[in-house]
Structures are given as C-alpha cells and as structure tokens.
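Data first, discussion second: the structure below is written as structure tokens.
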There are 2 protein chains.
Amino acid sequence: MTTARTAAGSAVPRGRRGARSAGDHRELAILATAERLLEQRPFADISIDDLARGAGISRPTFYFYFASKDAVLLTLLDRVTEEADAAAGDVLDRVAEDPRARWRELISRFHDTFREHKAVALACAQVRGTNAEVRELWATVLEHWVRCTETAVAAERRRGAAPDGLPARDLAIALNSMNERVMYATFAADGPAVAEPDVVDVLLDVWLSTIYRSTAPPPA
Amino acid sequence: MTTARTAAGSAVPRGRRGARSAGDHRELAILATAERLLEQRPFADISIDDLARGAGISRPTFYFYFASKDAVLLTLLDRVTEEADAAAGDVLDRVAEDPRARWRELISRFHDTFREHKAVALACAQVRGTNAEVRELWATVLEHWVRCTETAVAAERRRGAAPDGLPARDLAIALNSMNERVMYATFAADGPAVAEPDVVDVLLDVWLSTIYRSTAPPPA
DNA sequence: ACCGTGGCTCAACACCCTGTCGACAAACTC
DNA sequence: GAGTTTGTCGACAGGGTGTTGAGCCACGGT
C-alpha cells in the first residue's frame, strides 16, 4: 500500500524529495535481478525467493515492493515499451519524405529495442497467456502502434502514394501482428524463424508490398 | 510406463486386440474433460484434480494415463494439427488452377479447424512458452506448413505467375507467422484484432499482395 | 481350483511455492 | 522523545504437484 503500489507507473519518481531512499534502491535491485535472471532461465523457473535473494532481501520483504512476480515483469515491460515508443519517435509523421527509408527506420528501431531486451520481451509473451495485467498492457501498447500505422497508411493513400485496398486498420493489425510474431520467433530461436540479420528487411518487404502494392513506393 | 506412455502417438490404437479396455475409455475421458474445461477457463486454472474428477478418477490415477497436465494438452494439440493437416489436403498442389481460390481455401480451412478447437489452440499458444514439448511439436508442425508454402511460392515463380523477391522461405515464415498471430488475436479477442468474419479475407489479401505483388494473381 | 501377472486404482505422503500475519527496528517529524 | 512511516523478516496456512506402496480385479496358464 505504499510506494511500490504505483505499479506500472514506476518510471515516475515517487513523491519523495528526490532523495534515493533505501526502498528505491531495493526496488531497482529487484528489477535488475529479474532482468538478469531472465537472461539465464525462463520466467516460470524463477521463484520469488530467487528475486528476493538476488536483491539481498527476504521473501516477505519482496512483497513490500511488488505484489507478485508478475508485477515485476509488468514494470519491466512498461519500461521496455516506453523505450520502444521513444525510439519510434515521430518517424511516422515523416513517411512522405522518403517512404521506404522511414518505414524501415520504424521497423528497425522496434527491432533494436526489443532485441536489447529480448529476455523481457520473451517472458512477457509467455506470461501474457496467464496474466491479465500483462495482456492488457500489451494490448494497449499494440493498439497504439496499430493506430499509428493505420494513420500513416491512410495518409499515404490520401496523398495518392498508396492505393486503396484492405481497410487501413485491418492491414495495420495484420502487419503489426506479423512483426510481433516474427521477431518473437527470431529472438526465441525456436521453430522456423527468419535469420536475425534479415528480419528487418523481410518485414519491411511485406509492409511495402501490402501498403504500396509494389516493392519500391514512390518517393515524395 | 504402460500403454499411456505412447504420449503424442496416441492416435495409433495401442497393441491390444482391438478391445476397448477400461483404460482406453479413461484416457479418452481425460482428453474430453480437458477440452471441455478449456472452453470454460484458462489452462493454468485447471488442476490435475479437475481433470481427474472430470474423468471420474482420482488424482494419482490420472498419472497412470498421462505424465502431466501438459502431456494432455500435447495429445490434444496433436489431434488438432493432424486435423488441420488433413483439412489442408493437397490444395497447394493445385494452386496454378486458380491461385486466388486455392490460397483462400488453404487459409480458410486452417481457420475453420482452429476456430473449432479454439480452446486448445489458445491453451497451446500459452503453454508453448513454458513447455518444451509443446514448443517443439508446434515448431515441427509450423515448419511443415512453412515448407509447403515455400514450395508453392517457388512453383508459382517458376511458372512465371509470381515475380521474384524475398527468398521464398522467408516469405513463407512471415506469412505463416502472421496467420498464427492474427488468428490467435481474433480467437482470444484480447487486444487489437481483425473481426472474425473478415479475418480470412484480410490474411488472403496480404498473402496475395506479397506473393504476386498485386491483388488479383493471374489465373492459370 | 489355484496362482500369477498385468491392467488399474487410490490413500497418504513429501515437497515446493505462494501469499499473509504479526512483531519488530530504524529513521524522520513535530 | 512520542508517534508515524518505512522497511524487515520468522513463522504459518494453503494449494498444487508428483511419488510410493498397497490393494483390487480379470484373465490365462497349469
């Protein structure tokens, strides 16, 4: 019921007078431990005790900071998606400048952000199935990206650069879903996957083909 | 260590003289209970006890038939993928006849099969994250479909119906991944999803655009 | 008719993990 | 220096998993 219960809004430094309290430090330690352990083994194989010990505290104390193991992951996911959002920036507002380059930039930046936090991304995809909060956060984030894509596609159609076709929203959903799954498979390296260095170009090619119905969209 | 340990190979009636033993009956009852319960609540919320009780046996007895809860799901998944494979049949050998119709048939049949076993499909996608056997089975199945797609695309290119572009395998991976994720989102109805009645046509449109670089592929 | 074996069943147990409760200490406030 | 807030943990209760060991029943062999 104290600081920690700000849950996902953890990026905002809590209302203390800037002073790094012991609690802040511990909370960060738990998060860091979680991300470190996730690089070594799957989320399901990490117990709350592991997290607590890794942060130098006891299990009950863990609950002072987070309501559950899932809450830790939720916070981690929140940080990563914010980073991805920041990385994407306003690229989509400038698609008309140079469509191919801008779309590529968009895909590439998402790819880089998620690759850097592979472990978190992979864990979230798994937990999404069992945890409603993670599922909803992801849904919200995805919805945002879908809307951005949709808007950009609509703009390209309006200026005559892209032909009409599928409803922009459906296309946006299909493309973003594809990206999600293809990147996941590449990172997880389980099952059929596109080779890491090619993944951005493969995805880009599908985006361009479906949005413009040709490999090379007309420049501005 | 007896009959049940044939695990995924359960479709093959075990070597008894055709007689439906009590065991066969129980095994089927567990499977049926699992599919029924999965339609009501998520896999994680179903305990082995639920499965056992549903099949009219005790928990320890459950272990006589399956090694774990996951093993039940694995068997269920095996049945569904076999059904999907059968439904797909040889459509891809006849793509040249009428590309649009055949590709649509392919996507549509997968869609129908998985929609019919929504619950199993959804559960598997979730468990795939934590269970290596499910992950591997899915990987194998997907690899098979990717290869079929790849072969068909290559054939279309060879006969001049489809232009060159992305390596056929990468394209096949991207498209199948998209289908998987888009159908999942539609069935799960969580987060941005294509409306159920449109999903086949949306997917088809992306397939055709990327394979033929035009909405309407040339007929034979 | 008798025994043994293999298919089948379960009560009871050991274990692990989660989440909570209540007592307690250090620090900051007035 | 009394009181609140922050932070800490030992000990417990509860629920799920997987195992053990003993027992039942139907059958085929002798």
Side-chain angles (χ1 to χ4, degrees), chain A residues 1-7 10 13-31 33-34 37 41-74 127 130-134, chain B residues 1-7 10 13-31 33-34 37 41-74 126-127 130-133:
Chain A
M1 296 300 137
T2 64
T3 60
R5 295 297 73 255
T6 12
S10 70
R14 263 92 74 270
R16 244 181 269 99
R17 300 144 298 295
R20 286 252 157 275
S21 75
D24 252 339
H25 177 251
R26 296 269 131 110
E27 191 174 332
L28 258 18
I30 293 173
L31 258 4
T33 304
L37 290 184
R41 53 178 192 272
F43 187 68
D45 291 1
I46 298 172
S47 73
I48 291 186
D49 213 58
D50 294 332
L51 259 24
R53 284 183 188 292
I57 55 178
S58 73
R59 209 165 53 79
T61 300
F62 166 92
Y63 286 100
F64 182 79
Y65 296 100
F66 293 94
S68 65
K69 213 172 53 157
D70 288 2
V72 177
L73 192 56
L74 195 66
V127 169
T130 55
N131 180 289
E133 285 178 302
V134 171
Chain B
M1 294 302 140
T2 63
T3 59
R5 294 297 77 253
T6 12
S10 69
R14 263 94 72 268
R16 242 179 271 101
R17 301 144 300 292
R20 286 252 156 274
S21 75
D24 253 338
H25 178 251
R26 296 270 130 112
E27 191 174 332
L28 257 20
I30 293 174
L31 257 5
T33 303
L37 290 184
R41 53 180 193 272
F43 188 67
D45 292 0
I46 298 172
S47 71
I48 291 185
D49 212 60
D50 295 333
L51 259 23
R53 284 184 188 291
I57 56 177
S58 72
R59 209 164 54 78
T61 300
F62 166 93
Y63 286 100
F64 181 79
Y65 295 100
F66 294 94
S68 66
K69 214 172 53 157
D70 288 3
V72 177
L73 193 55
L74 194 67
Q126 298 177 5
V127 169
T130 54
N131 181 289
E133 285 178 304

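What you see below is based on every heavy atom in this structure, not just the backbone, and it leaves out hydrogens, waters and symmetry mates. Each chain gets a letter, A, B and so on, in the order the sequences are listed, and its residues count up from 1.
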- Short question: side chain of B:Lys69, backbone of B:Leu51 - any donor-acceptor pair under 3.5 Å? no

Grab the two heavy atoms, one from [X] and one from [Y], that are nearest each other, plus how far apart they are.
| X | Y | value |
| --- | --- | --- |
| A:Asp45 | A:Asp50 | O-OD2, 3.9 Å |
| A:Phe62 | A:Ala52 | CB-CB, 4.2 Å |
| B:Ala55 | B:Thr33 | N-OG1, 3.7 Å |
| A:Ile48 | A:Arg59 | CG2-CG, 3.7 Å |

- Message: Could you check whether any side-chain heavy atom of B:Tyr65 comes within less than 4.5 Å of a side-chain heavy atom of B:Val72, counting everything from C-beta outward?
- Response: no

- Are any non-hydrogen side-chain atoms of B:Ile57 and B:Arg26 less than 4.5 angstrom apart? yes

Whole-Å gap separating [atom2] ([N]) and [atom1] ([X]):
| X | N | atom1 | atom2 | answer |
| --- | --- | --- | --- | --- |
| B:Phe64 | D:dG18 | CZ | P | 17 Å |
| B:Asp50 | D:dG15 | CG | C1' | 12 Å |
| B:Arg26 | C:dC8 | CZ | P | 10 Å |
| B:Ile30 | C:dT9 | CD1 | C1' | 12 Å |
| B:Glu27 | C:dG7 | CD | P | 14 Å |
| A:Tyr65 | D:dT8 | OH | C1' | 8 Å |
| B:Arg53 | D:dG15 | CZ | C1' | 14 Å |

- Message: Which residues pass the side chain to side chain donor-acceptor pair (under 3.5 Å) test with B:Asp49, not counting sequence neighbours?
- Response: B:Arg53

Which atoms of nucleotides 26-28 of chain D (N or O only) lie under 3.5 Å from a protein N or O atom, and what are those distances?
none

- Would one find a side-chain N or O of A:Thr61 under 4.0 angstrom from OP1 or OP2 of D:dT8? no

- Evaluate the criterion side-chain contact (heavy atoms from CB on, under 4.5 Å) for residue pair B:Thr130 and A:Phe43; output intermediate values, then yes/no. CA-CA 8 Å; B:Thr130 54; A:Phe43 187 68; over 6 Å; no

- Which letters describe nucleotides 14-25 of chain C, given B = protein heavy atom under 4.0 Å from base, S = only from sugar-phosphate, - = neither? ----BBB-----

